[in-house]
Amino acid sequence: MNPISPALQALADELELGPAGPVLDTLRALYREVDLEVERQSSGLELPCRAGCDACCRESVFLSAPEFLLVASHLAASWSKSELTALLDQMSALADRFADELELLESILPGAERDEVAARVKFDCPFLSDSRCRIYSVRELNARTFGSSWDATRHEAYGCELTHARLRVLGPEVGPKLAGAREMRARLTNTLPNTARVHVYPWWFTRYRALVERLAA
Ligand code: SF4
């Protein structure tokens, strides 16, 4: 594990996360648990989520500050400065394109109106390359659970229409036995600081661009 650089700690401070090391360790451990649980409870079901399907990476994908910090630390450790600059430019262009929606999303409380605005923020994730995620090992929690978990509040799979269709074939008793999507989200919010605010990648990278650039300096 790479030591925490002053630049990464500066980003963690700005995100109001406190010491970066424990936040990153806790999040990595939580992701390991979630991945195991999702795999265990969906094993053998042949759900349609598989490498090469990127449908959910072309929708608005939300993540919290600790999740963003882990992605930023990964980029600092493994991406070149030019790759990072190109990524930041793409993120800024997307933030400009959806400026009105991103501003609205900062103020609207969770609910139908927010869902409607979020649904308008559709773009190909800049981390996609040949339908693969370039940051797969540190991808956000929602990507780890989408398509393979159950939303007990909505009484439906947390997934796309392909997931729903497969579960209809498998029968009504199967879906509720999948890992709980909201429970896994609650585990994140209960164990990590400052998780209430969630936003899309272009918003995070644009708002904290100067600090992310310092990571590669
Ligand atoms: S970070 Fe990876 S998993 Fe998440 S939306 Fe982008 S490409 Fe998909």
Side-chain angles (χ1 to χ4, degrees), residues 8 11 15 23-24 27-28 30-39 42 47-80 83-98 101-102 105 114-115 117-149 151 157-163 178-179 181 184-185 187-189 192 195 197-209 212 215-216:
L8 188 62
L11 177 61
L15 292 167
V23 168
L24 295 177
L27 185 55
R28 287 191 192 99
L30 187 137
Y31 281 168
R32 280 194 295 274
E33 271 177 36
V34 164
D35 291 349
L36 278 174
E37 197 169 320
V38 164
E39 169 60 27
S42 62
L47 295 177
C49 278
R50 53 176 164 61
C53 179
D54 58 13
C56 62
C57 304
R58 301 180 190 278
E59 305 280 338
S60 47
V61 172
F62 287 80
L63 66 154
S64 63
E67 295 167 272
F68 173 64
L69 183 72
L70 180 58
V71 172
S73 79
H74 175 81
L75 299 180
S78 54
W79 281 36
S80 69
E83 285 175 311
L84 193 54
T85 301
L87 175 82
L88 289 167
D89 288 345
Q90 276 182 284
M91 294 290 182
S92 296
L94 286 167
D96 284 347
R97 188 170 134 205
F98 294 106
E101 286 85 357
L102 298 195
L105 287 170
R114 194 172 203 277
D115 290 349
V117 175
R120 301 204 306 256
V121 186
K122 278 187 196 299
F123 57 89
D124 293 356
C125 179
F127 286 119
L128 268 181
S129 175
D130 291 333
S131 295
R132 308 266 164 167
C133 175
R134 291 189 287 162
I135 56 160
Y136 191 78
S137 64
V138 294
R139 70 198 187 286
E140 68 284 351
L141 179 70
N142 285 351
R144 292 166 190 271
T145 58
F146 193 77
S148 309
S149 61
D151 184 336
Y158 176 53
C160 69
E161 184 44 43
L162 295 172
T163 312
L178 294 172
M184 290 187 280
R185 186 92 223 158
R187 228 180 284 167
L188 181 130
T189 56
L192 285 153
T195 50
R197 181 177 57 173
V198 292
H199 227 307
V200 292
Y201 278 111
W203 184 88
W204 288 108
F205 277 105
T206 304
R207 169 152 300 205
Y208 296 98
R209 177 168 185 146
V212 173
L215 295 174

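Counting starts at 1 for both ligands and their atoms, in listed order. In this text, all values refer to a predicted model and were calculated from it rather than measured experimentally.
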Can you tell me which residue and heavy atom of the protein come closest to [atom], and the distance to 0.1 Å?
atom	answer
atom 8 (Fe) of ligand 1	C57 SG, 2.3 Å
atom 6 (Fe) of ligand 1	C125 SG, 2.4 Å
atom 3 (S) of ligand 1	A143 CB, 3.6 Å
atom 1 (S) of ligand 1	E140 OE1, 3.5 Å

Practice prompt. Could you tell me which non-hydrogen atom of S92 sits nearest to which non-hydrogen atom of R209, and how far apart they are?
Written response: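 Heavy-atom minimum between the residues: OG-NH1, 3.0 Å.
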Worksheet item: Side chain, backbone, both or neither: which part of I135 comes within less than 4.0 Å of ligand 1 when only heavy atoms are counted?
Response: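 Looking at I135 and ligand 1, just side chain atoms fall under 4.0 Å.
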Worksheet item: How does Y136 reach ligand 1, if at all, at less than 4.0 Å between non-hydrogen atoms: by side chain, backbone, both, or neither?
Response: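 No part of Y136 comes within reach of ligand 1.
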Discussion item. Looking at R134 and P126, would you say the former's side chain and the latter's main chain have a donor-acceptor pair under 3.5 Å?
Written reply: yes
Worksheet item: Under 3.5 Å, side chain of S60 to main-chain N/O of A118, donor-acceptor pair present?
Response: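 Checked: pair present.
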Worksheet item: Under 2.8 Å from atom 8 (Fe) of ligand 1, is there an N/O/S atom belonging to C133?
Response: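 For C133, the answer is no, given that no N, O or S atom comes within less than 2.8 Å of atom 8 (Fe) of ligand 1.
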Fill in: Side-chain ion pair, E37 and R187, N-O less than 4.0 Å
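Yes, charged N to carboxylate O under 4.0 Å.
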Item to complete: Can you measure from CG (L188) to OH (Y31) and round to the nearest 0.5 angstrom?
Response: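 Going from the CG atom of L188 to the OH atom of Y31 covers 6.5 Å.
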Worksheet item: Short list, please: which atoms of ligand 1 are under 4.0 Å from a heavy atom of V61?
Response: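 Reading through ligand 1 atom by atom, the close ones are 5 (S).
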Worksheet item: Got F127 and L75 here, is their nearest side-chain heavy-atom distance under 4.5 Å?
Response: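 Side-chain contact under 4.5 Å: yes.
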